Amino acid sequence: MLNLGRVPAARSLPPGPREALRTLLEEVVSTTPRRRRWWFSRSMVLVVTGTAVLGGAAAAGALVAARPATDKKVVRCYSVAVLEGGNFAGVTVARGGDPGAIPIEDALATCAELWRQGVVVAGVASAQDPGIGVDAPVPELAACTLESGVAAVFPGDAGTCGRLGLPDLLAG
Amino acid sequence: MTVHHDVPEADSVLWRQAAGGSPAAFGTLFERHADAVYNHCFRRTASWSAAEDLTSAVFLEAWRRRRDVVLSSDSILPWLLAVANNAIRNQDRALRRHRRLLAKLPPEVAAPDVADDAAGRIDDERFMRGVLAAFEKLTPGEQDVLALCVWAGLSYTDAAVALGVPVGTLRSRLSRARGHLRRLAMTSVAVGPAAAGTATRANGARPPRRFPMVVPGSEGGTR
C-alpha cells in the first residue's frame, strides 16, 4: 500500500563527499571577511552597561516640556521606564574613537536597533549579547533629556517623559 | 566520583560562533544536520546524486544568508530545510549560484565495497519516484508542509518557522493537503519498481505492485 508517510530509510551522506564538503565549508567560513557589528561600523561602542549612577537626573527642578540634548557623546537606552534611586537599567551607547557626536535625532533609532537585536531586553539591567538574526519586537519608545543633558530613550508612550519628570528630547 | 557528561553545544551557540567566523562551529552544525538535509533533498528529488549536490548548495546558501537565520526550538534545522525547499524548487539557479565553490568538490568516485549500497540506492530512487508521482499532484505549498511535517518529522511550530507562516496557516494547509490526498486516493496509484523505472535489483526484480494510497494522518508534526 502506498503510504506517503513511508519512504525509503534515511541514509548518511557518503563519507567521501561529506568530508570534502565539510572541508570546503570550513574554508568558506574562514576566508569570508568578517563584517563588523553595526555600532562598530558607525564608530560607536557600548561603553556602559548595567547599573550606573544617574546623579540625580530625576531630581530635575523646573520642568520644561522639551529640551535638546547638550551632551551629544552618548545616548542611554533604558530597559524600563524607571528613574528611581538613581540606578540605570539599560545600555549606554557612546561614540568610540572619533571625537564627533552621535546624531541625537537618531537616539530613538539607535535604541530601537538595540531592542531589535536583543541587546536591550525589557527589565534587564545589562546589555545582552546580540543574537544572530534576532528580530526582537521593539516596544513603543519615548525620547527624553536627562538633567545631565544626555538623551535617554525609555520604553513607553508619549507621556513617559512627563511621568518621569523629564523633558521630551528636542532635536537640535 | 563525579561523572562529567559532554553536553553538545546548542545550535544557537554554534551558529553565533560560526557567524562570528568559527569554521569549526560551522563544521559541527554541518555534521549535525547534513544527513537530515540530504535525506530531505532526496525525498523531494528521488535522486541521491541530486540530493548530494543540493546538500552542498544548501549549506553554502545557508552561509550566504547567515544574517537571515531564524532558529526554532533552538534548532537551525527547520531553517535549513526551508533553504533546501527553495534550492529544490530552483535547483538550477541554486547550483549555478555556487558553481565556483562546488567545482572545488572532487568528482564522485564509486568504491568497490559499496556495490550493495549502490543497489540499495537505486531501489530507493525507484521507490521514491513512485511516491513523488502521487506527491507531485499536490500544490507546492501542500508538498512543502507534508515533506516537513510527515517526512522530516518537524513539529507544527518548527514547520511553521521553516515556511514562514503562522502555525494556524500551517495547520490549515496540512488539512487541505490531507483533503487533497483523500480525493486523490479515490483512484489507486501504481507505484513500485516496474511502475517507476526499468532498473532491476541486484538480488532479483520485484513484481510490480498496485497500492491504494494512504493519507498521512497525525504522524509527524505533533512534537
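What you are looking at is a predicted structure, and each value in this text was computed from that prediction instead of being measured. Basis for what follows: all heavy atoms, side chains included, without hydrogens, waters or symmetry-related copies. Chain identifiers are assigned alphabetically (A, B, ...) following the order of the sequence lines, protein sequences preceding nucleic acid strands; residue numbering begins at 1 within each chain.
Residues meeting the disulfide bond (SG atoms under 2.5 Å apart) test with A:C144, sequence neighbours left out: A:C161. Applying the ring-ring contact (aromatic ring centres under 6.0 Å, His included) criterion to B:F42, with sequence neighbours excluded, gives B:W48.
Side-chain contact between B:W151 and A:R6: absent, with no pair of heavy atoms (C-beta onward) separated by less than 4.5 Å. Within the 4.5 Å cutoff, the side chain of A:L25 has no heavy atoms near those of the B:W63 side chain. Taking the side chain as every heavy atom from C-beta outward, B:Y38 and A:P14 approach each other to under 4.5 Å.
Residue contact with chain A, scored on non-hydrogen atoms closer than 4.5 Å, involves the backbone and the side chain of B:F59 alike. If you measure heavy-atom distances from B:A24 to chain A, the contacts under 4.5 Å come from the backbone alone. Interface remark: B:A18 contributes backbone atoms only to the contact with chain A (heavy atom separation under 4.5 Å). For A:L24, the part lying under 4.5 angstrom from a heavy atom of chain B is the side chain only.
Under the side chain to side chain contact (heavy atoms under 4.5 Å, CB included) rule, A:P8 has a single partner from B:D124, B:V131, B:N39, which is B:D124.
Rounding to the nearest 0.5 angstrom, the gap separating the CG atom in B:D53 from the CG atom in A:L21 is 10.5 Å. The structure places CG of B:L29 at 9.5 Å from CZ of A:R22, a figure rounded to the nearest 0.5 Å. If you take CZ on A:R18 and OG1 on B:T55, they are separated by 9.5 Å, rounding to the nearest 0.5 Å.
A pairwise comparison of heavy atoms in A:L13 and B:A34 identifies CD2-CB, 4.4 Å as the closest pair.
By the 4.0 Å N-to-carboxylate-O rule, B:D35 lies too far from A:R11 to be salt-bridged with it.
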